[in-house]
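Report on the following structure.
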Amino acid sequence: MTDTAKPDRDEAQRLRYYSASQWTLIWWRFRRHRAAMVAATILGIMALMGVFAEVVAPYGPTSRNASYLDGPPQLPMFCDRQGCSIRPFVHGIKTERDPITLRAISVPDPETRVYVSFLARGEQVRLFGVIPTDIHLFGLDHDKARLHLWGTDDLGRDVFSRTIYATRTSLSIGVMGVLISFVLALIIGGTAGYAGGRVDGGIQRVTEVVRVVPIIPLYMGLAAAMPPEWSTTQVYFAMTLILGLFGWPTLARRIRSQLLSIRNEDYVVAARLAGARPSRIIGQHMLPSFTSFIIVDLVISFPYMILSETALSFVGLGLRPPSVSWGVMLQQAQSVRVIEQTPWLFIPAGFVVVAVLAFTVIGDGLRDAADPYSEAR
Amino acid sequence: MLRFTAERFVGMIVTMLLVSLMVFIIMELPPGDYADRYAFRKYSGTGVSVTEADIQAIRVELGLDKPMLLRYFDWIGNIVLHGDFGQAFAFETSVTKVIGDKALLTTAILFGTLIITYLVSIPIGIYAAVKRASFADYGLTTFSYLGLALPNFLLALILLYFANRWFNADIGGLFSAEMKDAPWSLAKAGDLIAHLWLPAIVLAWSAVAYQLQTVRATMSDELNKLSVTAARARGVPETKLLIKYPARLAINPVVSTIGFDVNRIFSELPIVAVVLGLTELGELLLRAYLDLDMYVAGAILLLLTFMIVFMNFISDILLAWLDPRIKLGG
Amino acid sequence: MTDTLIEVRNLSVRFPVTTRKLFRTEVRELAAVDDVSFDIKRGETVGLVGESGSGKTTVGRAILRAIDPSDGEVIFHTHTRDVDVAHAEGEDLRRFRTHMNMIFAEGPVQLSSMAQDRLRLFRSRMSLVFQDPYSSLNPRMTVRDIIAEPLVASGMMKNRAEIDARVREIAARCKLNLEHLRRFPHAFSGGQRQRICIARALVSRPDFVVCDESVSALDVSIQAEIVNLLKDLQDEMGVAFLFIAHDLSVVAQMSHRVAVMYVGKFVEYAPTDRLFFTPRHPYTHALLSAIPQADPDAAFDPIKLEGEIPNPLDAPSGCRFRTRCPHARPECAAREPDWREIAPDHYVACHFAEAFDFTRAQAKAAE
Amino acid sequence: MTKALLLSGGAVLALTLPALANCPAVTVADLQGLSPDYPQQFELAEFEAKAACDLGFAENPEIAALNGEILGNGALPPVSERLPQEPLVVAPYAAIGSYGGTLTGLSRGTESGTSDLLSVRHVNLVRYSDDLQTIVPNVARSWEWNDDFTKLTFTLRQGHKWSDGAPFTAEDVAFWYNDVLMNPAVIEKAPGRWLFDGQPATVEAIDETTVTFTLPVAQPNLLNRWAIDYGQTFLPKHFLGRYLDKYNADAAALRAAHGFADEAEAVNFFYGNSDWKDVPSPLMKDADKVAAIGTAVMPTLESHIVVEENTEGRHLVANPYFHMVDTAGNQLPYISEINEEYVPEREVVNLRIMNGEVTWKQQAMQLNDFPLLKENEGKGDYTVALAPTLGQSPYYSFNRTHKDPVLREIFSDVRFSQALSLGLDRNEINEIVYLGQGKPMQTAAAEHVTVPFLSAEDLTDFTEYDPARANALLDEMGLARGSDGVRRRPDGKPLSIRITFASQGTASQLHELAAGYWSDLGIQVDVREVTSDEYRAAANANEVDVLTWKNDGVSGPNISQDVTDALFPGDPFNPKGHADWATWIETDGAEGMEPPAYIKRLFEVAGAFIKHPLGTDESNALGAEMMKIHLDNMIKIGVVSEIPEPYVYANALKNVPALTAKAYDYYWTYPYRPQQWWLEQ
């Protein structure tokens, strides 16, 4: 039984392999890269959290809990001195001020328990800005009490919720920035790579010039050029534009060299000799064969976008409150006071690190997987 | 070799001119100009009410009323012909004076960082390649990934805090109080080094991360080559074997990315400097942007870029010298 | 077999080579192909041999206008032998009526000077089979799409069913499993891939195919298979081949006539038997001497050529082969030998061609 | 307010008796029965008479070395010759100090956050005592008003010397006014703050120690401001005058030799554009020129003089000719050197304080850093204390001359400001932003703590948190809510306002909170942080919806002579908005926008107010009316007042009293006599 079944399965697998397209093959290879898979999963979760921020976050990014200022994280627990419960709960909180140092101190009140519930009703929000709902992933039973998984900041805002919203902003800025630089790179690098010759030489020179200037000082100059009367939305788009505007040189170079090498690939010559028009050659042969490489490059350029956004916001040239991004949150956390007294405000830094790491690891994984035909020979 | 050098040199000059044009355009971008700021500075608290005409007069006085192209040629002309970078409005002195010492300090930070980067990344990268897939290798890879992922301003803040709280390190400057105004001496240089390590470490971490990966990858490739296997079979001692070929070749990509490293260091410098309270070019640049003190900003940007281009040039020459094949390809 | 398909007249291909000096760039011309003339008959296979760098590939590509020739002309003699118009239907017919004169008209067509847009339509009459069956197939397309490309790309056919039918037909002729059409190139071995390449080259029923070292990358057993396939297809479809190779024995199997190239020039061109048995050029002779003989008794004494093949940029004066020729004399350096017909259909470029007798008796035994 | 008495010069001479006992080293803590005419200080003759003693003088043992650091100073004469014949005798707070040490202070940059340390070395003709009530002599020995407050006569100290040893005389005061401030060849536009009703005063040097100010209009409160002014009303004529053709026939040659194009450039190089002292010193501007001229900075009367400046900081040494001694006859200051380092980063400032590297820091310390600093007090061996601030109360003032007529209409309706005031939860703001240390309160154009005509009780209207009433008021105005909950303006657009602020003026948390409260009232609020410069530019250009800053410049001495804070548009540095009203009034209705009746009345009252001495009945009545106009029309919405702020001093720093105010309005440390601070070694 097994003797015959096994070769059959192998055969089926082989057939599947034979008729697998490039994306399927890339996926199969990528899947073998365990670290990259883990990273992709984490990033996926992050992105989902960002997309569904309104529902994942128990509270709005600016809604406050005045009775819990600079409050430490609350860990839901199952047991306390009064015994155990199946449902997780937290203790009630009393906030006092130290009479000498004037520091606000939150004291849990072990007598009161507030139970955590999932898919709880809470603040009215609009999912994606349209769908009204008051269901949140989790919350507290009690109307008045609030659950602050990662504590609160000096205004009593929930760090967890803010981090979720910040994730949305920062990732989307990264995406927009990468897309803009990608489009620019595609146009510029594409022109250089396809036209060649003098056009190529000129573009190469300009690329060289842009590449050689240190990028963050350049961003700083552009960011300083933003009119102060711009609204947060305008600043947001300006930021993506700025990040995109100078992110292209590396990409453009890669696109150009890819194009130049693909242009002379035998199968492209074959297509030309088969009478294909330039549009078909580019669309059918050149683009598909370098998209996978470009995707790798895009993924790799993400971390730089994210770090640039955080850095610019951090020095006050990027997004500013009440926008909430990782950079904005870290800018607000940038103090000795926070390190000593409210270190949980640095949690967004963890997100930055994890996101950048994830993108880097995925980039590595993709780079290995991007050319599925390298092994096939 | 001479021809190659001269060619690269001409290329460097052309690049610099184009960069200067771009820098100038960026300087021109922010709305408003220093005249507004200057009016406040000049008349603040004097009880004089400032009119638009006053501001226009200041504009004329500072030469900000001329058309942009003219100002560009004035600016670049003065830099090239007289080494004059223009007026530092906020300091009421010449840009050269404001930048003066800070350029030296910035260079000191840069070289401190580069030295740390190469001292750490080359041996460790080679080690990681030799001990591939070992515990040490994974540890080092993780460490370097962290270097890539940790925003350096955060690293700066954390290091600043711990250096200060635990080691009582002197912070917020590149010299201690007693050395700040002293003339240059060995003691002062020592003082500088004692203050340099913190920014240098912060800046070097991510540079180390990149270089570590490069060295490790190149080294791994080289180790796989037949010549190495053959030599090993001949019984050449392992250390000698490493130094003879692969290690030397593995340094090539490191040399070729010096310009890139400098670029990244300068890119991160302003932010790190702000956090660490260093008063060097990066921090000055940020302030100049906020003050609309555009000639200062322009000069700094140009200077930083010049250093990058120059290091690129050096790395090209060095590379051609290390590996003559490059010349033919170039 | 007598009417001429391709006429190559004084074909030259020169590439600009720029050398950067300190303050100026020097542009020199590298003549990869220098004043080459020959013809190919309908349904015939012409073999083209020479060392690598001799310009064989450039000749092939220049004929196909993959590279634009610098000088000379390539004339394609069309004729209506396999006009498909009778079978063309509906849209295909309408679509091509406007171009019919050009594509199917009888008579000489100047390929070398044809405008790009017209050339594009003419592409279906000729094609190229590459050396490397790996790099010449787009790994991102299915075999069916690859084979169909010449039909689709040139706009020759539009109807999917018709295309499928034609693809299946040619695939079957190339001994490809029809099941495989859905697969991607990575599913195949080198030999199979080369069949796919051949199917692609022949799908539009061209009159002329250049096989550029098309078998040299394959194992010997597979080489034979492919050579046989090509022969069969030639018999069935009447296609003419320009068969470029450096391996003389394969060329011998395949070709009706063989040309020998050296540093951008033809040195000898003759029917296969003549060339192999009575070569007239010392270079041809040297090449032939390097073929191991099937007869174990025969003496194997390859002529070792001294020195390296010259750089076309600094080609020797006079006869280009003189620097390595064991028979070189002073006048070889003074004057370039003429390309002349020393026997019917036997062309050679050597001052002393008549004087040499390299007749290879032992070769007869091999045949 | 104390009115000054003129001490008779004759009396001083008469009291000089030979061979008396050593003087008692009295301190403020133990005056040993002596009662000075002015708090905490004596004139030499007064002291010797009251204590029946003869004061001998001593000097800082390092003074010769310190003098050596002052570029251009010659060898020092003995201390008795350096001091005026009539030095000011200062009673130290707790103990006679010992000499030496370096005071390390931090500023943000060359021109930023430096007032703190400027005030440490500051001197002027007169000074406020630390009771913040009494004006006391300083550089001037005494002064006298004529009856209608149009002529002020100062008597200077005989033998007082500049830091280079040159005599300081009445000529230097006249020079400052006549030859610099009012000299168009040097300063193009005469500064308005030294004009009186637009007219210049007449300043005359009567003799070496007597100078008179003859004023075009009565200025009963001029001294109040003089006592806190950053501007010093004297300049070294011997030094700057040599560049003016008027005083030096060879001035042109000298200017040429020193590389100055004209008189203005020469004066500007040392003096800057105005009395604002904190301009880059010649050392910063052109160190080469300084070396060529042979003098680093112009001579000063202050306790310390700048000897080194670069972009990292300044270094100062004690002025060897300083005019004060302690009650033991030691020439002040005690502290030999001041290091002023530029540290723009707040975190680095905090770390350095926590490390015990800072001797004194007061300016730009924030209340919310207090817990951190307090917790680290022991480790850093410093003391952090809270002092009452004056003029730190944040306010919102809606732009009633807004360019958008619809918003202008809404903002001009007092109910709008009332509603928004009721919508602020001041207790929560106090708790969150001010650690619960302030007092929820309205604000008017004066500091209720320091003026007699305004009390905390006047400032309670509309300070309760009452969203229901706020909503009712807004509804009543016809600003109905749309389906999205946002109120609509009369033209149907959503009612949307932007708070543009600079964190130098007001805390960002405040605005984020306010935006939240006001959003709850149905107003779309957008918060935008800008730099101080950008804020000022926008406010001066009438481009903000709501002005928001801290209410500084409203303490007694300020408004006694200058009511710009009560009026509009403020000054370019501290814009109060509504510039169009001021234009209308200045041009008699030819330009600008006609202000409502209450504003016209406000201008009238303010004009009258400054004509009366502060504290008189007339002054109080007018002041109260001004405040009433402000409060009734709610021109400003106050938030929280009486906010304390921390200040820090190293435990080694002695003779520092508990600050009675931490306020620019009293020029920071000037009332607390930093010359008698000393460092325990």
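No hydrogens, no waters, no symmetry mates; every other heavy atom, side chains included, goes into these values.
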Does a sphere of radius 6.0 Å around [atom1] in [X] hold more than 12 heavy atoms from other residues, nucleotides or ligands, not counting ones at 6.0 Å or beyond?
X	atom1	answer
F15(C)	CZ	yes
R173(C)	CZ	yes
R31(A)	CZ	yes

What is the minimum heavy-atom distance between [X] and [Y], and which atoms define it?
X	Y	answer
R272(A)	A66(C)	NH2-O, 3.7 Å
A270(A)	S136(C)	CB-O, 4.5 Å
Q284(A)	N138(C)	O-ND2, 3.8 Å

Problem set entry | Closest-packed option against chain A by number of heavy-atom pairs under 4.5 Å, given S204(C), A187(C), C197(C) | A187(C)
Problem set entry | Interatomic spacing from OH in Y267(A) to CZ in R200(C) - rounded to 0.5 Å | 11.5 Å
Problem set entry | Between CD on residue Q131(C) and CG on residue D266(A), distance to nearest 0.5 Å | 8.5 Å
Problem set entry | Under 4.5 Å from a heavy atom of chain A, the part of L64(C) involved | both
